[in-house]
Engineer: 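One structure, as structure tokens, below. Some questions next.
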Amino acid sequence: MHLVGLTGGIATGKSTVGQMLRDLGVPVLDADLAARHVVEPGDATLSELVSAFGPDILDPSGRLDRAAMRARIVADPQAKRTLERITHPAIRARIGTELAKLASEGHAIAVVEAALLIESGGYKAYPDLIVVT
């Protein structure tokens with residue numbers, strides 16, 4: 001299966017381009033959606049985050065308190081690196097599982113939409129990139 005990365009800065013239209021591709025029948029996986037899934041209650045990634053940052057990153061229902069986590073990483077660059085060290089492999093693994101499923105279904109191409117492909121070095125996994133500016 002041929003992989004294409006779809007990336008661009010905030011509010012550049014990545015999601016619009018992704019929807020256009022979906023409308024043409026191309027499967028588009030959203031890294032932001034994968035990132036939300038890997039921190040759901042009961043997921044090992046959330047447990048690892050709690051081990052690294054403490055229970056104050058959880059809201060009363062046991063979900064990741066994104067505002068608390070954001071405040072933590074803004075205040076501490078090392079915290080951001082820790083967050084990325086924990087979450088990025090889990091996000092890549094989830095996307096990999098979804099790509100394998102698409103390949104087994106016979107899809108010839110798939111697009112992965114991710115905001116930080118260039119900055120994270122993740123672009124190296126994709127033979128082709130669409131960069132929305």
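Everything quoted here is computed from the prediction, not taken from an experiment.
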Engineer: Check Leu64 against Val39 and note the closest heavy-atom contact, atom names and distance.
Structural biologist: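 Residues Leu64 and Val39, closest heavy atoms: CD2-CG2, 4.0 Å.
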
Engineer: At what distance, to the nearest 0.5 angstrom, does CG of Asp32 lie from OG of Ser15?
Structural biologist: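 One finds 7.5 Å between CG of Asp32 and OG of Ser15.
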
Engineer: Tell me whether Lys80 contacts the main-chain N or O of Ile73 through its side chain, where contact means a donor paired with an acceptor under 3.5 Å.
Structural biologist: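 Not confirmed, Lys80 side chain does not pair with Ile73 backbone.
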
Engineer: Return yes if some donor-acceptor pair links the side-chain N/O of Arg72 with the main-chain N/O of Phe53 below 3.5 Å, else return no.
Structural biologist: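 Side chain of Arg72 to backbone of Phe53: a pair is present.
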
Engineer: Below 4.5 Å, heavy atoms only, C-beta onward: do Thr7 and Tyr123 meet side chain to side chain?
Structural biologist: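 No. Closest side-chain heavy atoms not under 4.5 Å.
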
Engineer: Does some side-chain heavy atom of Asp65 sit less than 4.5 Å from a side-chain heavy atom of Leu58?
Structural biologist: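 Contact flag for Leu58/Asp65 side chains = no.
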
Engineer: What's the separation between atom CG in Leu83 and atom CD in Glu48, rounded to the nearest 0.5 Å?
Structural biologist: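 One gets 10.5 Å once the value is rounded to the nearest 0.5 Å.
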
Engineer: So how far is it from Asp30 CG to Gln19 CD, rounded to the nearest 0.5 Å?
Structural biologist: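 Going from CG on Asp30 over to CD on Gln19, the span is 11.0 Å.
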
Engineer: Do Leu99 and Ile130 share a hydrophobic cluster (ILVMFWY, side-chain heavy atoms under 4.5 Å, transitive)?
Structural biologist: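 No, it is not one cluster - the side chains of Leu99 and Ile130 are not joined through contacts under 4.5 Å.
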
Engineer: What are the two closest heavy atoms between Pro41 and Gly62, and how far apart are they?
Structural biologist: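 For Pro41 and Gly62, the tightest heavy-atom pair comes out as CG-O, 3.8 Å.
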
Engineer: Please find the pair of heavy atoms, one from Ile91 and one from Ala34, that lie closest to each other, and give the distance.
Structural biologist: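 Taking Ile91 first and Ala34 second, the nearest heavy atoms are CG2-CB, 4.1 Å.
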
Engineer: Do Glu40 and Leu46 touch side chain to side chain, with heavy atoms closer than 4.5 Å?
Structural biologist: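 Not in contact.
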
Engineer: Nearest heavy-atom pair of Gly9 and Thr12: which atoms, and what distance?
Structural biologist: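 What the structure gives for the nearest pair is O-OG1, 2.8 Å.
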
Engineer: Supply the atom-to-atom distance Ile95 CD1 to Glu113 CD, rounded to the nearest 0.5 angstrom.
Structural biologist: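 The distance works out to 10.0 Å.
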
Engineer: What's the shortest heavy-atom distance between Ala75 and Pro77, and which atoms?
Structural biologist: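 Shortest heavy-atom contact: O-CD, 4.1 Å.
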
Engineer: Could you check if a side-chain atom of Asp128 sits within less than 4.5 angstrom of a side-chain atom of His2, using non-hydrogen atoms only?
Structural biologist: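 Yes. Closest side-chain heavy atoms under 4.5 Å.
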
Engineer: Do side-chain atoms of Lys14 reach the backbone of Leu6 as a donor and acceptor pair under 3.5 angstrom?
Structural biologist: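 No.
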
Engineer: Mind checking whether Leu3 and Val111 sit in one hydrophobic cluster, side chains of I, L, V, M, F, W, Y counted as touching below 4.5 Å?
Structural biologist: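 No; tracing contacts between hydrophobic side chains, which count when under 4.5 Å, never links both residues.
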
Engineer: Evaluate the criterion side-chain contact (heavy atoms from CB on, under 4.5 Å) for residue pair Leu102 and Leu29; output intermediate values, then yes/no.
Structural biologist: CA-CA 10 Å; Leu102 290 171; Leu29 304 177; 4.1 Å; yes

Engineer: According to a 4.5 Å side-chain heavy-atom criterion applied to Ile, Leu, Val, Met, Phe, Trp and Tyr, with indirect links allowed, do Met20 and Val28 form part of one hydrophobic cluster?
Structural biologist: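 Met20 and Val28: separate clusters.
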
Engineer: Is the closest side-chain heavy-atom distance between Arg66 and Met69 below 4.5 Å?
Structural biologist: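 Not in contact.
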
Engineer: Determine whether Ile118 and Leu129 make a side-chain contact, defined as any pair of heavy atoms from C-beta on separated by less than 4.5 Å.
Structural biologist: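 A side-chain contact under 4.5 Å exists here.
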
Engineer: Does atom CE of Met1 have more than 12 heavy-atom neighbours from other groups under 6.0 Å away?
Structural biologist: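 For Met1, atom CE is crowded (more than 12 foreign heavy atoms under 6.0 Å).
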
Engineer: Report yes if the side chains of Val4 and Tyr126 come closer than 4.5 Å at any heavy-atom pair, otherwise no.
Structural biologist: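 Not touching, per the 4.5 Å side-chain cut-off.
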
Engineer: Would you say the side chain of Leu49 lies within less than 4.5 Å of the side chain of Thr87, judging by non-hydrogen atoms?
Structural biologist: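 SC-SC contact between Thr87 and Leu49 confirmed.
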
Engineer: When clusters are formed by joining ILVMFWY residues with side-chain heavy atoms under 4.5 Å apart, either directly or through shared neighbours, do Leu33 and Leu117 land in the same one?
Structural biologist: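 Result: no, two separate clusters.
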
